[in-house]
Amino acid sequence: MERVGRCLLQRRLDERKLSRREFSQRTGLSEQRISDIARKRFVLTLPNARFIAQVLGCTIDDLYEWLPSGED
């Protein structure tokens with residue numbers, strides 16, 4: 001079983017040359033919420049992860065690093 005590692009949202013935004021403000025406008029999420037997600041202060045629910053992945057044109061798996069259990 002894997003566990004959630006580092007959030008890759010900022011990397012995905014950078015790849016698409018999207019600012020947090022632009023992404024906020026596209027999704028309706030506040031810039032603060034996007035910042036919290038990117039800093040892993042808030043872990044996405046499955047429906048939110050699916051929505052964000054759809055907006056970014058990626059998969060849910062692309063939003064986080066996935067680490068083997070027991071690895072820091």
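Start at 1 with the first residue, then count along the sequence.
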| Other hydrophobic cluster members with Leu8, side-chain heavy atoms of Ile/Leu/Val/Met/Phe/Trp/Tyr under 4.5 Å, chained? | none
| query | Does the pair Lys40 and Val4 meet the rule for a side-chain contact (heavy atoms from CB on, under 4.5 Å), with working shown? | reply | CA-CA 10 Å; Lys40 204 178 166 190; Val4 175; 4.1 Å; yes
| Nearest-0.5 Å distance that lies between atom CH2 in Trp66 and atom CE in Met1 | 10.5 Å
| request: Hey, could you give me the CG/CG distance between Leu9 and Leu56, rounded to the nearest 0.5 Å? | output: 6.5 Å
| OG-CD1 distance between Ser24 and Ile34, expressed to the nearest 0.5 angstrom | 4.5 Å
| Nearest 0.5 Å, what's the CD1-CZ distance between Ile52 and Phe23? | 4.5 Å
| Got a sec, which pairs hit salt bridge (Lys or Arg N to Asp or Glu O under 4.0 Å) with one end in residues 24-35, sequence neighbours left out? | Arg21-Glu31
| Heavy-atom side-chain contact between Arg41 and Gln32 under 4.5 Å | yes
| Considering only heavy atoms from C-beta outward, does the side chain of Arg6 approach that of Arg39 to under 4.5 Å? | no
| field | Heavy-atom closest contact (Arg16 atom, Cys58 atom, distance) | value | NH2-CB, 3.7 Å
| message | If you compare all heavy atoms of Thr59 against all heavy atoms of Ala53, which two are closest, and at what distance to 0.1 Å? | response | C-CB, 3.7 Å
| If you measure from CG on Leu18 to OG1 on Thr27, what distance do you get to the nearest 0.5 Å? | 10.0 Å
| Between Arg20 and Gln10, is any side-chain donor less than 3.5 angstrom from a side-chain acceptor? | yes
Enumerate donor-acceptor pairs with a distance under 3.5 Å from any side-chain N or O in residues 42-51 to protein atoms, sequence neighbours excluded.
residue, atom, partner, partner atom, Å
Thr45, OG1, Asn48, N, 3.3
Thr45, OG1, Asn48, ND2, 3.3

| field | Cluster link Ile37 to Ile60, ILVMFWY, side chain under 4.5 Å | value | no
